[in-house]
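Remember, it's a predicted structure, so these values are computed and weren't measured experimentally.
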Amino acid sequence: MSVFKKLKKHLNFYLLVIFSSSRFLSRIYFVFSPRFEEENFRVLKGRLKYLINIKSKNSNSLLRRNIHRLEKGMYMKNRRKKFATSYIKETVEMFLNYDHFDVKSDQEYLWSSHVLSNYFDICELNHDLLMTKNKFVSVIKEKHTLNATKDYISKSKLSLSPLPTFSEFQNLCHSRASVRWFTDQQPPIEYIRKALNTASTSPSACNRQPYRFIISRSSKFTKSILDCTGGTAGFAHQVPALVVVIGNLDYFELEKDRHLIYIDSSLAAMQFMLSCKTLGLSTCTFNWPDVGREDKKISKVIDLKSSERVIMLIGVGFADDKIQIPTSQKKQNNDLFTEIQ
Ligand SMILES: Cc1cc2nc3c(=O)[nH]c(=O)nc-3n(C[C@H](O)[C@H](O)[C@H](O)COP(=O)(O)O)c2cc1C
């Protein structure tokens, strides 16, 4: 290591000692350090887009969150006679503009109509609520969705069967491993679609699901994405398919929620990888570090909005059985958890 590099390392160490000694000093450090610049920029872009979407009544985020809040309220033990009064009007107004949403689906429309319709059936209505109900009913009557809405009975997820046994699930988890070497065979697109649809059953904060996926089965496209970052040196050329997991910060009004894109996407990504395994496919996650340069690079390859962040890349394919994979020992028991009785 050169003298200059050694000095830089020493200096860096002492700077950290000083600036990590208080919250105030750490704030000063980041005024001068550009390390969080990309995140700060995209979080602000996301917040702004959130507010613009609310103003233009085009907020998939607000609708999903509020419909979720209504459902939670409806299924409360000792439910109140009147609830959700502070946000029901904005929810219905948003719903009435659903046709003009950028992000929409028939299933989402049906879910929202069903929940709203149930809400108005069970909630004690004052004059204002009655007016809101009338607006809602006139629109869904006009669209002839009232009956479809009544027929939409969410199947009890808790009684779905047959479930895998613990040991079957344990085997599934144990058999998943990061595979970096694949056969030439392309994974069928239906498999990837199926696995992603299953991934989307994962939990997400207020059921907003602030993510989307890009599937690449083109070796040229996959290569240009993998070229944007490190982590795949030596084996990138033979990754048959790639899923780019993208989080969307315009689902959130406040900075405090900025981590939800990482949490929600990762929960979905894990389900995707396990689903792939059941279909005979192997996967490997590729890191997407928080480096502005790399975001700018990938923006030239994929359409990445300024309020979006790449969360991770997932390579997918049929494992090349002739190549060994790392053991990757896992932490267990005392290394992993503390028990409090
Ligand atoms: C967020 C994340 C980023 C990762 N990045 C890379 C990567 O860039 N390159 C790579 O070869 N493996 C990468 N991996 C795979 C890990 O090395 C692997 O999951 C770990 O060693 C455990 O092995 P296992 O997945 O086989 O259990 C990543 C995994 C995660 C969860």
Novice: If only side-chain N and O atoms count, and only distance matters, is there a donor-acceptor pair under 3.5 Å linking Y109 with Q107?
Specialist: no

Novice: Is the count of non-hydrogen atoms from other residues, nucleotides or ligands lying under 6.0 Å from D335 atom CG greater than 12?
Specialist: yes

Novice: Should the pair R35 and F30 be classed as cation-pi, given the thresholds of under 6.0 Å to the six-membered ring centre and 45° from the axis?
Specialist: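 That pair does not qualify as a cation-pi contact.
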
Novice: Heavy-atom count around Q324 CD within 6.0 Å, excluding the residue itself: above 12?
Specialist: no

Novice: Please confirm whether the backbone N or O of K305 pairs with a side-chain atom of R42, one donor and one acceptor, at under 3.5 Å?
Specialist: yes

Novice: Verify whether one side chain among N58 and N97 offers a donor that lies under 3.5 Å from an acceptor in the other.
Specialist: no

Novice: Search all heavy atoms of K277 against all heavy atoms of S175 and return the closest pair with its distance.
Specialist: CE-O, 3.3 Å

Novice: Shortest non-hydrogen contact from F120 to L129?
Specialist: CE2-O, 3.9 Å

Novice: For the residue pair F101 and Y98, is the inter-centroid distance of their aromatic rings smaller than 6.0 Å?
Specialist: yes

Novice: Nearest heavy-atom pair of T201 and T198: which atoms, and what distance?
Specialist: OG1-O, 2.6 Å

Novice: Taking the side chain as every heavy atom from C-beta outward, state whether F318 and S282 have any atom pair closer than 4.5 Å.
Specialist: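 When only atoms from C-beta onward are counted, S282 and F318 do not touch, as no gap falls below 4.5 Å.
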
Novice: If you define the side chain from C-beta out and look only at heavy atoms, does anything of F252 sit under 4.5 Å from P210?
Specialist: yes

Novice: Heavy-atom distance under 4.5 Å between the side chains of E253 and D257, does that happen here?
Specialist: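 Heavy-atom side-chain distance check fails, nothing below 4.5 Å.
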
Novice: Mind checking the CD1-OG spacing from I263 to S202? Nearest 0.5 Å is all I need.
Specialist: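 Reported value, rounded in 0.5 Å steps: 12.5 Å.
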
Novice: For N12, look at atom CG and say whether over 12 heavy atoms of other residues, nucleotides or ligands are found less than 6.0 Å away.
Specialist: yes

Novice: Hey, any chance Y75 and I122 share a hydrophobic cluster, counting ILVMFWY side chains that come within less than 4.5 Å of each other, even indirectly?
Specialist: yes

Novice: Would you call the rings of H259 and Y262 parallel, tilted or perpendicular, taking 30° and 60° as the class edges?
Specialist: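 It falls in the tilted class, 30° to 60°.
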
Novice: Count the heavy atoms of every other residue, nucleotide or ligand shown that sit under 6.0 Å from CD of Q170, and state whether that count exceeds 12.
Specialist: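 Counting other residues, nucleotides and ligands, CD of Q170 exceeds 12 neighbours.
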
Novice: CG of L25 to OG of S22: how many Å apart, nearest 0.5 Å?
Specialist: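 Answer for the CG-OG pair, L25 versus S22, is 3.5 Å.
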
Novice: Is there a path from Y191 to V245 through hydrophobic residues (I, L, V, M, F, W, Y) whose side chains come within less than 4.5 Å of each other?
Specialist: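 Shared cluster, yes.
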
Novice: Are any side-chain N or O atoms of S33 and backbone N or O atoms of Y29, one a donor and one an acceptor, separated by less than 3.5 Å?
Specialist: no

Novice: Would you please test V316 and F272 for side-chain contact (heavy atoms from CB on, under 4.5 Å) and show each step?
Specialist: CA-CA 10 Å; V316 190; F272 170 71; 4.0 Å; yes

Novice: State whether a side-chain donor-acceptor pair under 3.5 Å links E294 with T229.
Specialist: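 The criterion, which ignores hydrogens and geometry beyond distance, is satisfied for T229 and E294.
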
Novice: Run the salt-bridge test on K194 and E190 with the 4.0 Å N-O cut-off and return the result as yes or no.
Specialist: no

Novice: Please report the closest heavy-atom contact between F182 and V239, naming both atoms and the distance.
Specialist: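 Minimum heavy-atom separation between F182 and V239: CD1-CA, 4.2 Å.
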
Novice: D264 vs Y251, test: side-chain contact (heavy atoms from CB on, under 4.5 Å). Steps then yes/no.
Specialist: CA-CA 12 Å; D264 293 346; Y251 271 72; over 6 Å; no

Novice: May I ask you to test the I298-W288 pair for a side-chain heavy-atom distance under 4.5 Å?
Specialist: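 Contact flag for I298/W288 side chains = yes.
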
Novice: Above 12 or not: heavy atoms from other molecules or residues under 6.0 Å from NE2 of H237?
Specialist: yes

Novice: Ignoring hydrogens and geometry, is there a side-chain-to-backbone donor-acceptor pair from S138 to K135 under 3.5 Å?
Specialist: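 Present.
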
Novice: Could you go through Y119 and F83, starting from their C-alpha distance and side-chain angles, then the distance that decides it, and tell me whether this counts as side-chain contact (heavy atoms from CB on, under 4.5 Å)?
Specialist: CA-CA 9 Å; Y119 167 80; F83 62 99; 3.7 Å; yes

Novice: Taking CG in D106 as the centre, count heavy atoms belonging to other residues, nucleotides or ligands within less than 6.0 Å. Is the count above 12?
Specialist: no

Novice: Taking K45 first and then E308, would you say they form a salt bridge - that is, a charged N and a carboxylate O separated by under 4.0 Å?
Specialist: no

Novice: Do any N or O atoms from the side chain of Q186 and from the backbone of P240 form a donor-acceptor pair under 3.5 angstrom?
Specialist: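 It does hold such a pair.
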
Novice: Tell me, yes or no, whether the heavy-atom count around K89 atom NZ, taken from other residues, nucleotides or ligands under 6.0 Å, exceeds 12.
Specialist: no

Novice: May I ask you to test the V179-I325 pair for a side-chain heavy-atom distance under 4.5 Å?
Specialist: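 Side chain of V179 against side chain of I325, heavy atoms only: contact under 4.5 Å found.
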
Novice: So, T232 side chain and F235 main chain: donor-acceptor pair closer than 3.5 Å or not?
Specialist: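 Between the backbone of F235 and the side chain of T232 there is no qualifying donor-acceptor contact (under 3.5 Å).
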
Novice: Do the side chain of S216 and the main chain of S218 share a donor and acceptor less than 3.5 angstrom apart?
Specialist: yes

Novice: With heavy-atom distances below 4.5 Å as the criterion, would you say the side chains of K57 and H100 are in contact?
Specialist: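 Contact flag for K57/H100 side chains = no.
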
Novice: To the nearest 0.5 Å, what is the distance between CD1 on I192 and CG on N197?
Specialist: 12.0 Å

Novice: Just checking, any donor-acceptor pair under 3.5 angstrom between side chains of N53 and S59?
Specialist: no

Novice: Closest heavy-atom contact between I311 and I246?
Specialist: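 The pair with the smallest heavy-atom distance is CG1-C, 4.0 Å.
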
Novice: Minimum heavy-atom separation for L96 to F136, with atom names?
Specialist: CD2-CA, 4.3 Å

Novice: State, with a plain yes or no, whether a side-chain heavy atom of F286 is found less than 4.5 Å away from one of C284.
Specialist: yes

Novice: Do the side chains of R47 and E255 get close enough for a salt bridge, i.e. N-O under 4.0 angstrom?
Specialist: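 A salt bridge is present here (some side-chain N lies under 4.0 Å from a carboxylate O).
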
Novice: Can you tell me how far the CG atom of N248 sits from the CG atom of L304, to the nearest 0.5 Å?
Specialist: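 One finds 9.5 Å between CG of N248 and CG of L304.
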
Novice: Determine, stepwise, if the pair S266 / M312 fulfils side-chain contact (heavy atoms from CB on, under 4.5 Å).
Specialist: CA-CA 8 Å; S266 299; M312 67 182 88; 3.7 Å; yes

Novice: Taking OH in Y14 as the centre, count heavy atoms belonging to other residues, nucleotides or ligands within less than 6.0 Å. Is the count above 12?
Specialist: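 For Y14, atom OH is not crowded (no more than 12 foreign heavy atoms under 6.0 Å).
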
Novice: Looking at E39 and R258, would you say the former's side chain and the latter's main chain have a donor-acceptor pair under 3.5 Å?
Specialist: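 Not confirmed, E39 side chain does not pair with R258 backbone.
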
Novice: If you group Ile, Leu, Val, Met, Phe, Trp and Tyr by side-chain heavy-atom gaps below 4.5 Å, do M74 and W111 land in one group?
Specialist: yes

Novice: Between D290 and E38, is there a side-chain heavy-atom distance shorter than 4.5 Å?
Specialist: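 Yes, their side chains come closer than 4.5 Å.
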
Novice: Between NE2 of H174 and OG of S167, what distance do you get to the nearest 0.5 Å?
Specialist: 10.5 Å

Novice: Side-chain heavy atoms under 4.5 angstrom apart, residues restricted to Ile, Leu, Val, Met, Phe, Trp, Tyr: same cluster for F166 and L274?
Specialist: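 F166 does not cluster with L274.
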
Novice: Checking side-chain polar atoms at under 3.5 Å, does N60 have a donor or acceptor matched by the opposite partner on E108?
Specialist: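 Looking only at side-chain atoms, E108 and N60 do form a donor-acceptor pair, the distance falling under 3.5 Å.
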
Novice: Treating Ile, Leu, Val, Met, Phe, Trp and Tyr as nodes and any side-chain heavy-atom pair under 4.5 angstrom as an edge, say whether L242 and L279 lie in one connected cluster.
Specialist: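 No; L279 is not reachable from L242 via cluster members.
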
Novice: Check this for me, if you would: do R309 and D295 make a salt bridge, where the nitrogen-to-carboxylate-oxygen distance has to be below 4.0 angstrom?
Specialist: yes

Novice: Keeping R79 on the side-chain end and M76 on the backbone end, is there a donor-acceptor pair under 3.5 Å?
Specialist: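 Here the side-chain-to-backbone pair does not exist.
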
Novice: At what distance, to the nearest 0.5 angstrom, does CG of L267 lie from OG of S204?
Specialist: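 Answer for the CG-OG pair, L267 versus S204, is 8.5 Å.
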
